[in-house]
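The analysis underlying the following values was restricted to heavy atoms, covering all of them including side chains, and did not include hydrogens, waters or symmetry mates.
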Amino acid sequence: MSKRILILTGDAAEVLEVYYPYFRVLEEGYEAVIASPTKKVLHTVVHDFIDGWETYTEKPGHLLPSHIAFADVDPSQYDGLIIPGGRAPEYIRSNEHVPRILRHFLEADKPLGAICHAAQVFSALKDNHYFEGRTMTAYTACRLDVEQLGATYAKDTLHVDGKLVSGHAWPDLPGFMREFLKLLR
């Protein structure tokens with residue numbers, strides 16, 4: 001039976017951070033399921049870095065249909081979880097179903113990939129014990145989010161701590177997906 005990977009996201013996900021993992025998972029012969037607050041066509045965004053700017057710019061990206069609403073996700077049916085960055089994490093973390101989904105993957109010790117702003121989603125958990133003593137990375141603007149979880153912020157753009165793979169931003173996707181897929185196999 002093929003492995004199933006859940007991609008937890010919403011509107012304003014960074015286009016590369018959702019499409020790249022989606023297609024890599026499919027390329028491996030696994031099933032990739034995109035979950036969002038409601039089943040709908042999502043609007044992605046393009047984040048880019050410009051010399052002289054201290055942060056990124058944002059433009060509209062491609063449309064992306066989601067396959068399932070968070071309320072309908074049975075996380076036990078999935079072998080791994082990927083959370084793309086962009087601005088989606090800042091609002092999907094307030095969805096009532098997100099803590100249940102996250103807890104399953106953390107407690108079952110299944111591969112979990114979080115890139116860029118995805119660390120913000122973990123604030124949906126009321127209990128940070130999952131991150132105490134762990135190390136992870138995220139986009140530099142999310143360093144405080146990582147530290148508030150009780151984790152150590154790694155300045156490296158890619159970090160693996162047990163079954164948790166974290167990446168800084170979309171330029172790190174090749175290594176991020178290589179490490180995630182290695183854990184999944």
Under a plain distance cut-off of 3.5 Å, with no hydrogens placed, do T137 and D156 share a side-chain donor-acceptor pair? no
Short side-chain to backbone donor-acceptor contact, Y153 and A138, under 3.5 Å: yes
Mind listing the closest non-hydrogen atom pair of A69 and P37 along with its distance? CB-O, 3.7 Å
Quick one: side chain to side chain donor-acceptor pair (under 3.5 Å) partners of E132, sequence neighbours excluded? none
Any chain of hydrophobic side-chain contacts (each under 4.5 Å) joining Y139 to F122? no
Rounded at 0.5 Å granularity, tell me how far CG in L81 sits from CG in L112. 4.5 Å
Under 3.5 Å: donor-acceptor pair, side chain of K59, backbone of V46: no
What is the minimum heavy-atom distance between T9 and A88, and which atoms define it? OG1-CB, 4.0 Å
Please check this pair: side chain of E17 against backbone of W170, looking for a donor-acceptor N/O pair closer than 3.5 Å. yes
Would a 4.5 Å heavy-atom cut-off, applied to side chains only, mark V33 and I7 as touching? no
Would you kindly confirm whether Y20 and I34 end up in one hydrophobic cluster when ILVMFWY residues are joined by side chain heavy atoms under 4.5 Å apart? yes
With a 4.5 Å heavy-atom cut-off, do M177 and F23 have their side chains touching? no
Salt bridge (charged side-chain N to carboxylate O under 4.0 Å, His left out) with E179: which residues, sequence neighbours excluded? K182
Using the side-chain contact (heavy atoms from CB on, under 4.5 Å) criterion, which residues pair with P99? Sequence neighbours excluded. R103, A124, L125
For the pair S166 (side chain) and G113 (backbone), establish whether a donor and an acceptor sit closer than 3.5 Å, ignoring hydrogens and angles. no
Applying side-chain contact (heavy atoms from CB on, under 4.5 Å) to F131 and V146, what does each step give before you reach the verdict? CA-CA 9 Å; F131 302 99; V146 169; over 6 Å; no
Value rounded to 0.5 Å, distance of CG in L102 from OG in S123: 9.5 Å
Partners meeting salt bridge (charged side-chain N to carboxylate O under 4.0 Å, His left out) with K40 (sequence neighbours left out): D11
For D72, what residues pass the salt bridge (charged side-chain N to carboxylate O under 4.0 Å, His left out) criterion, not counting sequence neighbours? none
To the nearest 0.5 Å, how far apart are CG in L26 and CD1 in I5? 10.5 Å
Taking the side chain from N95 and the backbone from I92, do they hold a donor-acceptor pair closer than 3.5 Å? no
State yes or no: do L181 and Y19 share one hydrophobic cluster built from I, L, V, M, F, W and Y residues joined by side-chain heavy-atom distances below 4.5 Å, directly or via other members? yes
Mind jotting down which residue pairs meet the ring-ring contact (aromatic ring centres under 6.0 Å, His included) criterion with at least one end in residues 84-111? Sequence neighbours excluded, please. none
Distance alone, cut at 3.5 Å: any donor-acceptor contact between the side chains of Y78 and E31? no
Going by side chain to side chain donor-acceptor pair (under 3.5 Å), name the residues that satisfy it together with E96, two or more places apart in sequence or in a different chain. none
Suppose the criterion is side chain to side chain donor-acceptor pair (under 3.5 Å): which pairs have a residue in residues 47-57, not counting sequence neighbours? H47-E58
Going from CD1 on I101 to CD1 on I83, what distance comes out if it is rounded to the nearest 0.5 angstrom? 9.5 Å
One should read off an interatomic distance between T140 OG1 and K155 NZ, to the nearest 0.5 angstrom, of 11.0 Å
Are side-chain heavy atoms of L63 and L42 found at a separation under 4.5 Å? no
Measure from the side-chain N and O atoms of T44 to the backbone N and O of H62, and report whether any donor-acceptor pair falls under 3.5 Å. yes
List the atom of A169, the atom of I115, and the distance in Å for their closest heavy-atom pair. O-CD1, 3.5 Å
Whether R100 side chain and V73 backbone form a donor-acceptor pair below 3.5 Å: yes
Decide yes or no for T38 and F70: does some side-chain heavy atom of the first lie under 4.5 Å from some side-chain heavy atom of the second? no
Between CE on residue M136 and CG on residue L158, distance to nearest 0.5 Å: 12.0 Å
Contacts of H117 that satisfy side chain to side chain donor-acceptor pair (under 3.5 Å) - sequence neighbours left out: none
Any side-chain heavy atom of I82 sitting closer than 4.5 Å to one from V165? no
With H168 via side chain to side chain donor-acceptor pair (under 3.5 Å) - residues at least two apart: none
So, the side chain of R134 versus the backbone of D161: is there a donor-acceptor pair under 3.5 Å, distance only? yes
Quick note, salt bridge (charged side-chain N to carboxylate O under 4.0 Å, His left out) partners involving residues 144-153, not counting sequence neighbours, are R143-E147
Inter- and intrachain pairs under salt bridge (charged side-chain N to carboxylate O under 4.0 Å, His left out), touching residues 76-86, at least two apart: none
Identify whether L8 and L149 are in the same connected component of the hydrophobic contact network (ILVMFWY, side-chain heavy atoms under 4.5 Å). yes
Indicate yes or no: does R87 engage E14 in a salt bridge with an N to O separation below 4.0 Å. no
When the ring planes of F176 and F180 are compared, do they come out parallel, tilted or perpendicular, using 30° and 60° as the limits? parallel
ILVMFWY cluster, L184 and L164 together (side-chain gap under 4.5 Å): no
Non-hydrogen side-chain atoms of Y30 and R4 separated by less than 4.5 Å: no
A12 and V45 have their tightest heavy-atom pair at O-CG2, 3.4 Å
